[in-house]
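Working notes, beginning with the structure itself.
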Protein chains: 2
Amino acid sequence: MGRVLDFVDVDIQPLDALAPRERILKTASDLFYRFSINSVGIDRIIAESGVAKMTFYKHFPSKADLIATYLRYKSAVWFQMLSTSTERAGLSPLERVLAVFDALEQPLLAPSFRGCPFAKGMAEFGPEANSPDVEAAIAAYFTRLHDFVASLIEPLSLSKPERVVMQILSLFQGSLVIAQSTRDLAIIEANRDAARVLLENGIASSS
Amino acid sequence: MGRVLDFVDVDIQPLDALAPRERILKTASDLFYRFSINSVGIDRIIAESGVAKMTFYKHFPSKADLIATYLRYKSAVWFQMLSTSTERAGLSPLERVLAVFDALEQPLLAPSFRGCPFAKGMAEFGPEANSPDVEAAIAAYFTRLHDFVASLIEPLSLSKPERVVMQILSLFQGSLVIAQSTRDLAIIEANRDAARVLLENGIASSS
DNA sequence: GCAAATACATACAGGTCTGTCTATAGCCCT
DNA sequence: AGGGCTATAGACAGACCTGTATGTATTTGC
């Protein structure tokens with residue numbers, strides 16, 4: 001049942017066949033990501049998900065609650081994609097690291113691509129926003145992403161793995177920002193190659 | 001008179017000694033960047049800049065107008081910093097490219113650091129926001145940044161300069177995202193070194 | 001010193017936001 | 001068949017938003 005975790009907007013199952021809670025979450029996810037979180041009101045989410053207001057507030061006690069759930073949902077989607085790419089059969093340890101950039105292809109190709117949902121979340125819900133749940137969801141994503149890349153790099157036995165992890169993470173997040181402003185898919189290949197050079201450089205200097 | 005272009009929050013001149021327009025712009029700049037654009041209302045900007053509402057609307061016909069001006073102002077600030085770093089005396093062409101990462105030190109050290117103002121702007125004012133002036137200001141920044149890095153790289157006569165420009169830009173923007181979530185200054189050094197490796201690799205393969 | 005431009009203070013209109021309340025309709029389970 | 005759970009529909013309160021209108025004070029130029 002990985003259907004819910006698809007990145008692509010198109011769904012096999014029509015929206016109104018889903019349970020109300022999933023309908024709300026999916027509608028909110030689309031709207032929050034396409035527009036921004038603060039510019040999408042509860043009323044619109046309710047209208048477009050075809051749900052009554054009380055039903056909404058039964059499933060999500062507050063908008064902040066929905067936002068945090070949306071971010072955890074998006075996190076699951078992204079790690080699903082990352083896993084799919086990095087766990088392909090026949091990849092060498094080094095290629096598995098580079099595969100995180102392959103995972104960007106599908107999102108970047110989607111016309112609904114609007115950058116990294118978590119960077120966008122940070123932009124709207126910084127430290128002064130007083131939304132601890134939202135902040136926590138964002139921080140959890142970045143921590144998990146860091147650990148994910150670190151675990152991919154670990155088998156390479158680099159001399160300064162933490163440094164390379166930060167470099168890969170920067171290339172990854174940077175791809176998402178730059179791609180958003182230029183819409184040039186070449187960024188993926190360029191940064192995968194950059195990562196390869198950095199990794200091989202780290203391996204060489206660690207020998 | 002580069003005072004207005006200082007990144008640091010502290011100002012030598014007190015705020016209420018400035019002309020109303022500058023007071024408004026400076027207050028708005030602080031608030032928009034610390035919080036987010038959509039979550040700061042006109043009333044707050046007016047209150048904190050000690051200005052009457054009509055005065056505000058005389059200088060800025062609409063909030064969108066103020067936002068676009070804010071972004072152009074921030075752009076000037078950032079390029080001021082980039083110029084300062086890259087035009088230091090005694091830098092080799094390669095070191096001048098790497099100096100763009102030095103420019104990040106000052107912003108990252110500031111407690112008010114909240115990431116890249118333009119990525120934040122994109123997060124709130126995407127294509128569906130219908131704010132052409134704001135969009136244009138953001139696009140102008142990224143175009144100018146691209147051209148800036150390209151002009152720094154040009155003297156190195158790399159075989160694929162455009163590719164390396166994208167890599168450097170990704171490392172630069174990635175630094176801002178990652179630094180925002182980890183607050184680790186080591187990111188700068190790591191990515192400057194990454195850039196060095198990529199540049200030297202490009203020089204080697206172009207020979 | 002006086003006139004004109006500029007800025008201040010504040011009330012207001014019309015809209016949107018989140019969240020609550022009331023009342024009604026459908027559905028499952030026994 | 002009927003009780004209880006769940007969803008729908010829509011009005012409503014109170015706060016906030018942008019932008020306008022109406023006066024009064026202050027500064028500036030000559």
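Chain naming here is simple, since letters A, B, ... match the order of the sequence lines and numbering starts at 1 in each.
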Quiz item: Separation of A:Asp43 atom CG from C:dT20 atom C1', in whole Å?
Solution: 13 Å
Practice problem: From the options D:dT18, D:dT6, C:dA7, select the nucleotide whose nearest atom is closest to the side chain of A:Lys58. | Solution: D:dT6
Practice problem: Take atom CD1 of A:Ile67 and atom C1' of C:dC17, then tell me their distance rounded to the nearest Å. | Solution: 13 Å
Quiz item: Considering heavy-atom distances to DNA chain C, does A:Arg44 or A:Pro61 have its closest nucleotide positioned more toward the 5' end?
Solution: A:Arg44
Exercise. Please state how far atom CD1 in B:Ile42 lies from atom P in D:dA15, giving the value in whole angstrom units.
Key: 22 Å
Quiz item: Of the candidate nucleotides D:dT18, D:dA7, C:dA9, which contains the atom at the shortest distance from the side chain of B:Lys53?
Solution: D:dT18
Quiz item: Would B:Leu158 and B:Leu199 satisfy side-chain contact (heavy atoms from CB on, under 4.5 Å), going step by step from the backbone distance to the final call?
Solution: CA-CA 8 Å; B:Leu158 305 187; B:Leu199 289 170; 4.1 Å; yes
Self-check item: Value in whole Å for how far the P atom of D:dT6 lies from CZ of A:Arg21
Solution: 14 Å
Exercise. For A:Ile46 and C:dT18, give me the distance from atom CD1 to atom P, rounded to whole Å.
Key: 9 Å
Quiz item: Could you state the CG-P distance from B:Asn38 to C:dT16, rounded to the nearest angstrom?
Solution: 15 Å
Exercise. Assess A:Lys74 against A:Phe118: is NZ or CZ under 6.0 Å from the centre of the six-membered ring, and within 45 degrees of the ring's axis?
Key: no
Self-check item: Phosphate OP1/OP2 of D:dT8: any A:Arg23 side-chain N/O under 4.0 Å
Solution: yes
Self-check item: A:Ser112 versus A:Tyr33, closest heavy-atom pair with distance
Solution: O-CE2, 3.3 Å
Quiz prompt | Nearest-neighbour nucleotide for the A:Met54 side chain, C:dA7, D:dG19, C:dC21 considered | solution = C:dC21
Exercise. Could you please spell out the steps behind the side-chain contact (heavy atoms from CB on, under 4.5 Å) verdict for A:Val165 and A:His146?
Key: CA-CA 7 Å; A:Val165 169; A:His146 176 282; 3.7 Å; yes
Practice problem: Take the protein atom OH of B:Tyr57 and the nucleotide atom P of C:dC8, then report the distance between them rounded to whole Å. | Solution: 15 Å
Self-check item: Donor-acceptor pair under 3.5 Å, A:Lys63 side chain vs C:dG19 base
Solution: no
Quiz item: How long is the line joining CZ of B:Phe56 and P of D:dG19, in whole Å?
Solution: 8 Å
Quiz prompt | Of B:Phe148, B:Phe79, B:Tyr73, B:Tyr70, the residue whose pairing with B:Tyr141 passes ring pair (Phe, Tyr, Trp, His ring centres under 6.0 Å) | solution = B:Phe79
Exercise. Look at B:His59 and C:dT6 and indicate whether a side-chain polar atom (N or O) is within less than 4.0 Å of OP1 or OP2.
Key: no
